[in-house]
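We count ligands from 1, going down the list as the structure has it; atoms in each ligand are counted the same way. Worth saying up front: this structure is predicted, and the values here are computed from it rather than measured.
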Amino acid sequence: MTDALAGVTREHVDRLRDSFSDEVIIPGDAGYDDARRVWNAIFDRRPAVLVRPTGPEGVATAIRFARERGLEIAIRGGGHSAAGHSTSDGGLVIDLSRLRGVRVDPERRIARANGGALLGELDVAAQAHGLVCPVGVIGHTGVGGLTLGGGMGRLQRHFGLTIDNLRAVELVTADGRLVRASESEEPELFWGIRGAGANFGVVTAFEFDLHPFGPLLHRGVRIFPASQVHAVWSLFRDVAAAAPDELALILSIGRAEPVAEYPPSVAGQPIVVVSYNHSGDAGSVERDVAALSAGPEPVSSSDGSYPYLEVQTANDLAMGWGQRSYIKGGYADDFRPEALDALVEHAADAPAGSSFAMTAQGGAMGRVADDAMAFTGREARFEMSADADWDDPAEDESSTDWVRRAMAIVEPDAVTGCYVNEIAESGPEETLAIYGDAKVARLAALKRLWDPDNVFRLNHNIAP
Ligand SMILES: Cc1cc2nc3c(=O)[nH]c(=O)nc-3n(C[C@H](O)[C@H](O)[C@H](O)COP(=O)(O)OP(=O)(O)OC[C@H]3O[C@@H](n4cnc5c(N)ncnc54)[C@H](O)[C@@H]3O)c2cc1C
């Protein structure tokens with residue numbers, strides 16, 4: 001028994017169960033194999049103990065237990081971590097799946113999300129009152145991990161990042177205290193939480209500002225042959241620079257797979273895809289996207305208006321649990337012509353399910369000062385990332401290698417910072433690349449105050 005639990009005896013677990021009214025799961029229990037799963041199947045780990053607290057007291061008990069036993073703590077919100085930070089071999093997982101739920105105060109336009117809530121819950125609760133909080137693009141992502149890292153999505157130019165709409169958090173700290181942080185309560189901690197949040201405690205509640213919005217989102221896609229990459233890129237760059245806040249733009253370079261879904265002239269070939277989301281009035285869409293037609297003729301083009309809630313969950317199944325995934329991101333202001341050529345050449349070898357994307361920043365998220373929060377990179381004109389999703393473990397090496405080589409192509413174009421939520425590798429070098437020297441120093445001072453023993457270290461870690 002002791003071996004299976006990595007130093008935790010049955011007696012320890014019984015004591016935990018006695019002091020803890022919530023669920024405790026250990027190896028051998030029915031449901032252990034299901035409970036230990038996370039979104040990315042690469043992280044097939046075997047925690048010694050999983051607990052499912054239903055409130056801050058349970059979280060504090062779990063932290064105390066882990067500290068007494070010297071167990072590594074993994075905190076799990078939605079379980080989507082790109083780096084596998086929400087599970088642990090031999091550690092203790094604080095699984096927040098019984099701390100879901102979102103409440104909306106429509107008069108004050110505020111949402112309160114529990115620490116384990118999912119984006120879909122926040123979207124549905126807010127839209128019930130014609131309101132929205134800008135979040136990510138897949139409904140089963142956790143509000144927790146997404147917000148503590150930043151929160152990018154279809155409405156980021158219109159309403160800012162998720163953290164730009166965060167009013168306050170309540171978190172259980174390393175010493176088991178329940179602390180509230182906002183602009184006026186523990187403001188320095190609140191600064192660090194918005195971008196490096198997984199380092200400072202277990203957040204049991206988030207409070208967000210909401211905006212009137214919906215119910216429709218207007219969207220379109222233009223597909224171009226890769227031979228047009230230079231003309232499409234310069235058009236995209238110019239349109240992005242002049243776009244109203246309501247217009248969100250993404251350019252991606254990949255391969256037209258599965259072939260049945262593309263026109264024969266490009267099927268199976270490298271392509272350049274420009275997609276937009278317009279969150280303003282239907283009447284302004286045509287005018288705002290007209291500039292996208294000033295360049296090469298696309299091989300296919302579509303436009304339409306859809307319920308926002310439908311769009312927000314449209315890819316939930318395709319991006320479901322159990323696949324394997326690898327991502328690497330960064331920021332850039334522009335791309336060298338030779339980088340574009342190399343990306344197209346690289347796309348010809350792209351495994352199915354992989355691509356390189358550039359998302360236009362600016363708008364509301366660009367008007368917040370970079371040093372206003374730990375989050376780094378909002379001054380760049382574009383966020384960029386390469387990612388791959390696959391099922392067969394035999395493709396682990398080729399898929400991750402494709403992503404790494406794509407990002408190596410654009411390394412000379414990169415500017416300061418990386419988005420913490422799209423970095424699959426972790427270590428001191430990655431932490432420095434994410435936040436830069438000055439912010440790492442400020443975060444380390446904060447870490448020494450709130451978590452001097454580095455109890456919360458399974459994250460893109462700030463060493464105290
Ligand atoms: C399919 C998919 C789609 C995505 N789409 C987007 C997107 O559109 N926009 C975007 O910005 N990002 C997106 N991401 C990245 C996503 O934001 C990160 O993976 C994020 O960390 C996931 O949060 P989670 O709670 O689901 O993950 P988890 O794996 O549960 O947690 C991730 C990290 O956050 C910590 N954490 C989670 N909850 C808490 C909490 N309550 N208190 C303290 N620490 C906590 C964990 O310890 C861990 O370090 C996507 C990821 C996937 C896999």
*Asks:* Check if Ala83 has a non-hydrogen atom at a distance under 4.0 Å from any atom of ligand 1.
*Replies:*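 For ligand 1, residue contact (heavy atoms, under 4.0 Å) with Ala83 is absent.
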
*Asks:* Looking at Arg237 and Asp334, is any side-chain nitrogen of the basic one under 4.0 Å from a carboxylate oxygen of the acidic one?
*Replies:*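 Yes, this pair counts.
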
*Asks:* Please report which non-hydrogen protein atom sits nearest to atom 16 (C) of ligand 1, along with the residue it belongs to and the distance in Å to one decimal place.
*Replies:*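 Protein heavy atom with the smallest distance to atom 16 (C) of ligand 1: Thr141 CG2, 4.0 Å.
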
*Asks:* Around atom 42 (N) of ligand 1, find the nearest protein heavy atom and jot down its residue, atom name and distance.
*Replies:*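 Here the nearest protein heavy atom works out to Val203 N, 2.9 Å.
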
*Asks:* Considering distance alone, does some N or O of Tyr419 sit under 3.5 Å from an N or O of ligand 1?
*Replies:*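 Yes, at least one N or O pair falls under 3.5 Å.
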
*Asks:* Looking at non-hydrogen atoms alone, which of His80, Arg154, His460, Arg76 comes nearest to atom 27 (O) of ligand 1?
*Replies:*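 The residue whose heavy atom sits nearest atom 27 (O) of ligand 1 is His80.
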
*Asks:* Would you find more than 12 non-hydrogen atoms of other residues, nucleotides or ligands less than 6.0 Å from Arg103 atom CZ?
*Replies:*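 No.
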
*Asks:* Count the heavy atoms of every other residue, nucleotide or ligand shown that sit under 6.0 Å from CG of Asp437, and state whether that count exceeds 12.
*Replies:*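 Count not over threshold, so no.
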
*Asks:* Which of the atoms of ligand 1 are close to Gly144, meaning less than 4.0 Å from one of its heavy atoms?
*Replies:*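 Atoms satisfying the 4.0 Å criterion: 37 (C), 38 (N).
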
*Asks:* My question is simple, although I want it checked carefully: is atom 30 (O) of ligand 1 less than 4.0 angstrom from any protein heavy atom?
*Replies:*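 Yes, there is one.
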
*Asks:* Near Ser81, which atoms of ligand 1 are under 4.0 Å from a heavy atom of that residue?
*Replies:*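 Counting from 1, the qualifying ligand atoms are 19 (O), 27 (O), 28 (P), 29 (O), 32 (C).
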
*Asks:* For atom 9 (N) of ligand 1, find the nearest protein heavy atom and state the residue, atom name and distance (0.1 Å precision).
*Replies:*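 Protein heavy atom with the smallest distance to atom 9 (N) of ligand 1: Met152 O, 2.7 Å.
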
*Asks:* Nearest protein heavy-atom contact for atom 13 (C) of ligand 1: which residue, which atom, what distance?
*Replies:*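 Minimum-distance protein heavy atom for atom 13 (C) of ligand 1 reads Leu146 CD1, 4.0 Å.
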
*Asks:* Do the two ring centres, one from His140 and one from His80, sit under 6.0 Å apart?
*Replies:*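 Yes: the rings meet the under 6.0 Å criterion.
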
*Asks:* Going by distance only, is there an N or O of Asn421 that falls short of 3.5 Å from an N or O of ligand 1?
*Replies:*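 N/O-N/O distance below 3.5 Å exists for this pair.
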
*Asks:* Can you list the atoms of ligand 1 that are under 4.0 Å from a heavy atom of Gly142?
*Replies:*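 Reading through ligand 1 atom by atom, the close ones are 23 (O), 24 (P), 25 (O), 26 (O).
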
*Asks:* Is there a polar contact between ligand 1 and Gly153, counting only N or O atoms under 3.5 Å apart?
*Replies:*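 For ligand 1, there is no N or O atom that lies under 3.5 Å from one belonging to Gly153.
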
*Asks:* Provide the number and element of each atom of ligand 1 under 4.0 Å from a heavy atom of Leu96.
*Replies:*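 Reading through ligand 1 atom by atom, the close ones are 40 (C), 41 (N).
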
*Asks:* Could you grab the distance from atom CG of Leu155 to atom CG of Asp245, nearest 0.5 Å is fine?
*Replies:*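 Leu155 atom CG to Asp245 atom CG measures 11.5 Å (nearest 0.5 Å).
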
*Asks:* Tell me the protein heavy atom at minimum distance from atom 28 (P) of ligand 1, and give that distance in Å.
*Replies:*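 Sorting protein heavy atoms by distance from atom 28 (P) of ligand 1 puts Gly79 N, 3.4 Å first.
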
*Asks:* Could you measure the distance from the CG atom of Leu251 to the CE atom of Met358? Nearest 0.5 Å is fine.
*Replies:*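 With rounding to 0.5 Å, CG (Leu251) is 5.5 Å from CE (Met358).
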
*Asks:* What protein heavy atom lies closest to atom 37 (C) of ligand 1? Include the residue and the distance to one decimal.
*Replies:*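 It is Gly145 N, 3.4 Å.
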
*Asks:* Would Ile138 count as a polar contact of ligand 1, with the cut-off being nitrogen or oxygen pairs under 3.5 Å?
*Replies:*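 Among all N and O atoms of Ile138, none is under 3.5 Å from an N or O of ligand 1.
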
*Asks:* If the plane angle is over 60° it's perpendicular, under 30° parallel, otherwise tilted; pick one for Phe206 and Phe208.
*Replies:*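 Parallel, since the angle between the ring planes stays under 30°.
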
*Asks:* Would Asp396 and Tyr326 count as a side-chain hydrogen bond (donor to acceptor under 3.5 Å, both in side chains) here? Give the steps.
*Replies:* CA-CA 9 Å; Asp396 284 2; Tyr326 188 80; over 6 Å; no

*Asks:* Using a 4.0 Å cutoff against the non-hydrogen atoms of His85, which atoms of ligand 1 qualify?
*Replies:*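 Contacts of ligand 1 toward His85, numbered from 1: 48 (C), 49 (O).
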
*Asks:* With Asp453 as reference, evaluate Arg448, Lys447, Arg67 under the salt bridge (charged side-chain N to carboxylate O under 4.0 Å, His left out) test and give the passing residue.
*Replies:*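 Filter result, single survivor: Arg67.
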
*Asks:* Quick one: nearest non-hydrogen protein atom to atom 24 (P) of ligand 1, plus distance?
*Replies:*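 Answer for atom 24 (P) of ligand 1: Gly78 N, 3.4 Å.
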
*Asks:* Side chain or backbone, does Ser86 bring an N or O within less than 3.5 Å of an N or O on ligand 1?
*Replies:*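 Such a contact does occur with ligand 1.
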
*Asks:* For ligand 1, which part of Phe456 has a heavy atom less than 4.0 Å away: the side chain, the backbone, both, or neither?
*Replies:*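 Answer for Phe456: neither.
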
*Asks:* Give me the atom names and distance for the closest heavy-atom approach of Asp22 to Pro53.
*Replies:*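 Answer, listing the atom of Asp22 first, then Pro53: OD2-CA, 3.1 Å.
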
*Asks:* With rounding to the nearest 0.5 angstrom, report the NE2 to CZ distance, His346 to Phe356.
*Replies:*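 Taking NE2 in His346 and CZ in Phe356, the distance rounds to 10.0 Å.
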
*Asks:* Between Ile75 and ligand 1, is there a nitrogen or oxygen pair with a distance under 3.5 Å?
*Replies:*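 Between Ile75 and ligand 1 (N or O atoms, distance only) the closest approach is under 3.5 Å.
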
*Asks:* Going by the order shown, which atoms of ligand 1 are within less than 4.0 Å of some heavy atom of Ala198?
*Replies:*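 Contacts of ligand 1 toward Ala198, numbered from 1: 35 (C), 49 (O).
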
*Asks:* If I take atom CH2 from residue Trp390 and atom CD1 from residue Ile42, how far apart are they, to the nearest 0.5 angstrom?
*Replies:*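 Interatomic distance, Trp390 CH2 to Ile42 CD1, rounded to 0.5 Å: 4.0 Å.
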
*Asks:* State plainly whether the residues Arg222 and Asp303 are in salt-bridge range, i.e. N to O under 4.0 Å.
*Replies:*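 Yes, this pair counts.
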
*Asks:* In Å and rounded to the nearest 0.5 Å, what is the OG to CD distance from Ser385 to Glu422?
*Replies:*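 With rounding to 0.5 Å, OG (Ser385) is 4.5 Å from CD (Glu422).
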
*Asks:* Looking only at protein heavy atoms, which one is nearest to atom 44 (N) of ligand 1, and how far off is it?
*Replies:*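 Atom 44 (N) of ligand 1 sits closest to the protein heavy atom Leu148 CD1, 3.3 Å.
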
*Asks:* Can you list the atoms of ligand 1 that are under 4.0 Å from a heavy atom of Val137?
*Replies:*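 Per the distance check, 7 (C), 8 (O).
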
*Asks:* Which of the numbered atoms in ligand 1 are below 4.0 angstrom from a heavy atom of Leu458?
*Replies:*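 The list of qualifying atoms is 49 (O).
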
*Asks:* Identify whether the distance between the nearest side-chain nitrogen and carboxylate oxygen of Arg442 and Glu188 falls below 4.0 Å.
*Replies:*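 Judged by the 4.0 Å cut-off on N to carboxylate O distance, Arg442 and Glu188 do form a salt bridge.
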
